[in-house]
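Shown next, in structure tokens, is the structure this report addresses.
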Amino acid sequence: MKEKLYKLIFMVLAFASLIFLLGIVFILFKESLPIFSKVNIGKFIFGRFWYPTYSPPEFGILPLILASAWVTFGAILVCVPLGVGSALYLNELAGPRQRAILKPLVELLASVPSVVFGFFGMVIVTPFLQKIFNLPTGLTAFNASLVLGVMATPTVCSIAEDALNYVPKSFREASFALGADRWQTLIQVVIPAAGSGISTAIILGMSRAIGETMTVLMVAGGAAVIPHTFLEPVRPMTAAIAAEMGEAPVGSSHYHALFAIALILFLVTFIFNIIAEIVSRRFRIKLGLSG
Amino acid sequence: MDKKIKMRAEGVNFFYGRTQALKNVDILIHANQVTALIGPSGCGKSTFIRLFNRMNELVPDTSLSGNIYLDDLEINSAQIDPVEIRKRVGMVFQKPNPFPKSIFDNISYGLRVNGVRDANSIEERVEASLKKAAIWDEVKNRLNDSALKLSGGQQQRLCIARCLAVDTEVILFDEPCASLDPISTAKIEELILELKKDYTIVIVTHNMQQAARVSDYTGFFLLGELIEFGKTQDIFTAPQDKRTEAYITGRFG
Ligand SMILES: Nc1ncnc2c1ncn2[C@@H]1O[C@H](COP(=O)(O)OP(=O)(O)OP(=O)(O)O)[C@@H](O)[C@H]1O
Ligand SMILES: [Mg+2]
């Protein structure tokens with residue numbers, strides 16, 4: 001009897017997050033569908049103008065999508081070399097003592113609140129960019145990419161390092177025993193064996209960058225215009241939602257449009273995470289670690 | 001001794017941290033002969049055999065004193081690159097450890113890191129070494145399959161083929177049959193006897209019958225010391241040391 005009760009309690013706890021997820025999806029759909037009776041979905045996604053408060057308003061989110069894409073792409077250019085490079089250093093070159101200190105430090109970087117990163121971007125990166133590129137404002141896609149890239153680095157590093165660590169010692173030993181040097185072993189045995197684990201790290205880093213809000217709100221510049229270069233201010237989807245939700249009257253078209261943006265964001269990160277999951281499962285099977 | 005000496009250890013001491021795993025070990029490894037190392041678990045056989053290809057360097061915080069020679073080369077001297085030693089002294093591990101690559105690539109990898117570039121000669125040597133390791137017939141139609149799909153015994157023979165492909169002079173076997181069934185074991189023993197013509201072989205084994213069947217010389221280790229070393233026949237029929245006798249007759253260990 002008592003046992004049954006415990007079982008029930010834990011089952012409820014276990015299902016709670018599933019219920020939250022379903023609830024969120026339900027509300028996202030429910031609140032975003034009304035906008036599509038006003039604007040057709042193609043025009044919504046590919047519309048070039050985002051003027052939600054004009055009359056008549058324009059609800060084209062292409063500038064926001066492109067802003068997210070640019071900023072995420074830029075962040076990848078930063079966090080992949082940094083994250084994968086530092087993972088390789090930690091795993092291959094750092095001695096066990098150095099690694100024992102450095103890895104927790106990297107992971108600590110992941111726990112710095114994003115507002116701190118944003119602040120850092122505003123007071124240090126912004127004037128710096130403005131000066132060297134001689135810009136009207138330093139709050140640009142470039143700035144957001146840099147800061148997001150640094151933010152996503154610990155995620156990428158930590159997961160990539162785990163992937164390298166999962167590569168059984170016996171593969172390295174086999175390679176060395178054949179007369180391979182360290183470099184050959186790394187490039188031809190360790191990295192291919194850890195490859196899908198490293199891809200997982202990159203995908204999760206991407207999904208971290210795409211979903212990040214506070215930082216881009218602070219440093220991306222906020223202009224809802226299709227960007228042509230990295231040095232222009234942009235307004236990524238997350239920033240648009242956060243900045244505008246407060247002023248959009250509940251139930252208005254603007255309000256529903258913001259929900260629709262959130263729905264798209266949700267679907268994109270959801271797909272990224274599923275891909276990451278599939279890739280990492282394949283990685284474990286490939287290394288014979290389990291299903 | 002009339003036969004040529006291929007490898008030689010003199011006064012070898014080895015430490016993991018502060019724990020001494022080998023104490024003042026001297027041994028002669030005869031060319032084109034099979035030398036078996038036996039002894040109870042934890043007595044330092046693996047530690048010892050891994051010194052012959054400088055494998056223990058991959059283990060952090062270890063130290064070594066004494067000398068180990070390959071022909072007349074002191075393999076631990078400062079100017080010697082361990083990579084060069086490992087190109088001459090190959091190793092087959094206790095647990096089969098093929099790479100997560102295709103059967104073909106498992107073997108071609110070793111060839112490529114040893115500087116063989118020509119696709120035709122790689123192909124020829126892959127085939128030749130698979131044949132030598134008596135696994136060619138089982139894999140010739142599936143060279144592009146993942147090596148991890150092979151059975152344990154096949155994987156171990158693949159690992160042997162991989163080692164043969166790179167033309168070493170010495171092959172170290174660390175309990176190569178420990179995880180194999182009797183049929184695979186018999187195949188590998190047969191192979192070892194075959195390989196003796198071209199290679200010098202050192203094999204660690206827990207199996208007394210195996211040592212008696214395949215080896216010409218036997219060394220008995222106990223707690224990091226080489227207690228007795230000599231012709232296999234002598235060790236098994238007339239051991240000089242009481243502890244050796246006790247071990248091979250199964251009275252301890
Ligand atoms: N990486 C290591 N770090 C610390 N100690 C080790 C390490 N490897 C082995 N040892 C210790 O060194 C001693 C010898 O170990 P070794 O593996 O050489 O024994 P072995 O004779 O091969 O045993 P087995 O028959 O079980 O394989 C043991 O006491 C073992 O605990
Ligand atoms: Mg051992």
Side-chain angles (χ1 to χ4, degrees), chain A residues 88-103 160-200 279-291, chain B residues 46 49-50 52-61 81-102 105-116 146-150 152 155 158-168 170-174:
Chain A
L88 287 174
Y89 177 79
L90 282 178
N91 199 267
E92 290 297 318
L93 301 171
R97 260 176 236 131
Q98 216 180 8
R99 185 171 169 274
I101 299 171
L102 285 177
K103 182 139 198 224
E161 210 273 336
D162 287 342
L164 291 169
N165 226 5
Y166 270 128
V167 175
K169 205 175 79 204
S170 64
F171 291 174
R172 289 173 223 255
E173 287 198 334
S175 173
F176 284 122
L178 288 168
D181 60 31
R182 203 172 196 159
W183 188 241
Q184 291 165 325
T185 302
L186 183 63
I187 299 290
Q188 296 183 52
V189 175
V190 178
I191 291 182
S196 28
I198 294 174
S199 319
T200 306
V279 172
S280 83
R281 193 165 293 179
R282 194 172 299 160
F283 167 68
R284 301 179 67 81
I285 291 171
K286 181 170 153 196
L287 295 186
L289 291 171
S290 77
Chain B
S46 297
I49 201 175
R50 288 162 58 94
F52 287 122
N53 63 345
R54 293 184 58 172
M55 219 49 189
N56 283 332
E57 277 166 37
L58 305 177
V59 183
D61 199 21
D81 183 352
V83 168
E84 293 313 310
I85 300 301
R86 294 179 195 135
K87 288 184 170 160
R88 299 175 57 189
V89 182
M91 180 168 232
V92 174
F93 297 82
Q94 171 171 346
K95 232 178 112 233
N97 55 356
F99 301 118
K101 299 175 184 284
S102 71
D105 287 344
N106 257 275
I107 297 181
S108 66
Y109 172 73
L111 291 169
R112 281 186 282 106
V113 302
N114 281 276
V116 187
S146 167
L148 300 183
K149 286 192 197 149
L150 297 171
Q155 288 187 2
L158 178 69
C159 292
I160 295 174
R162 181 172 73 179
C163 181
L164 298 178
V166 297
D167 266 344
T168 59
V170 181
I171 302 180
L172 310 170
F173 288 91
D174 190 355

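Around atom CZ of Arg99(A), more than 12 heavy atoms belonging to other residues, nucleotides or ligands sit under 6.0 Å away.
Proximity to chain A is limited to the backbone of Val89(B), based on heavy atoms less than 4.5 angstrom apart. There is no contact between Lys95(B) and chain A, counting heavy-atom distances below 4.5 Å. Heavy-atom distances place the backbone of Pro98(B), and not its side chain, under 4.5 Å from chain A. Proximity to chain A (any heavy atom under 4.5 Å) is shown, for Arg54(B), by neither the backbone nor the side chain.
Between the CZ atom in Phe99(B) and the OG1 atom in Thr185(A) there is a gap of 7.5 Å [rounded to 0.5 Å]. Taking NZ of Lys87(B) as the start and CG of Leu178(A) as the end, the distance is 10.5 Å to the nearest 0.5 Å. The CD atom of Gln184(A) sits 9.5 Å away from the CZ atom of Arg112(B) when rounded to the nearest 0.5 Å. Asp61(B) CG to Arg97(A) CZ: the interatomic distance, rounded to the nearest 0.5 Å, is 6.5 Å. Taking CZ of Arg182(A) as the start and CG of Leu58(B) as the end, the distance is 8.5 Å to the nearest 0.5 Å. Between the CD atom in Glu173(A) and the CZ atom in Phe93(B) there is a gap of 5.0 Å [rounded to 0.5 Å].
For Ser199(A), there are no side-chain hydrogen bond (donor to acceptor under 3.5 Å, both in side chains) partners two or more places apart in sequence or in a different chain.
Taking chain B as the reference chain and counting heavy-atom pairs below 4.5 Å, the highest number among Pro96(A), Ser175(A), Pro192(A) is found for Ser175(A).
The backbone N or O of Val113(B) sits nowhere less than 3.5 Å from a side-chain atom of Asp181(A) that would complete a donor-acceptor pair.
The shortest non-hydrogen separation linking Met91(B) to Ala177(A) is CB-CB, 4.1 Å. Residue Val83(B) comes nearest to Ala180(A) through the heavy atom pair CG2-O, 3.9 Å, listed as atom of the first residue, atom of the second, then distance.
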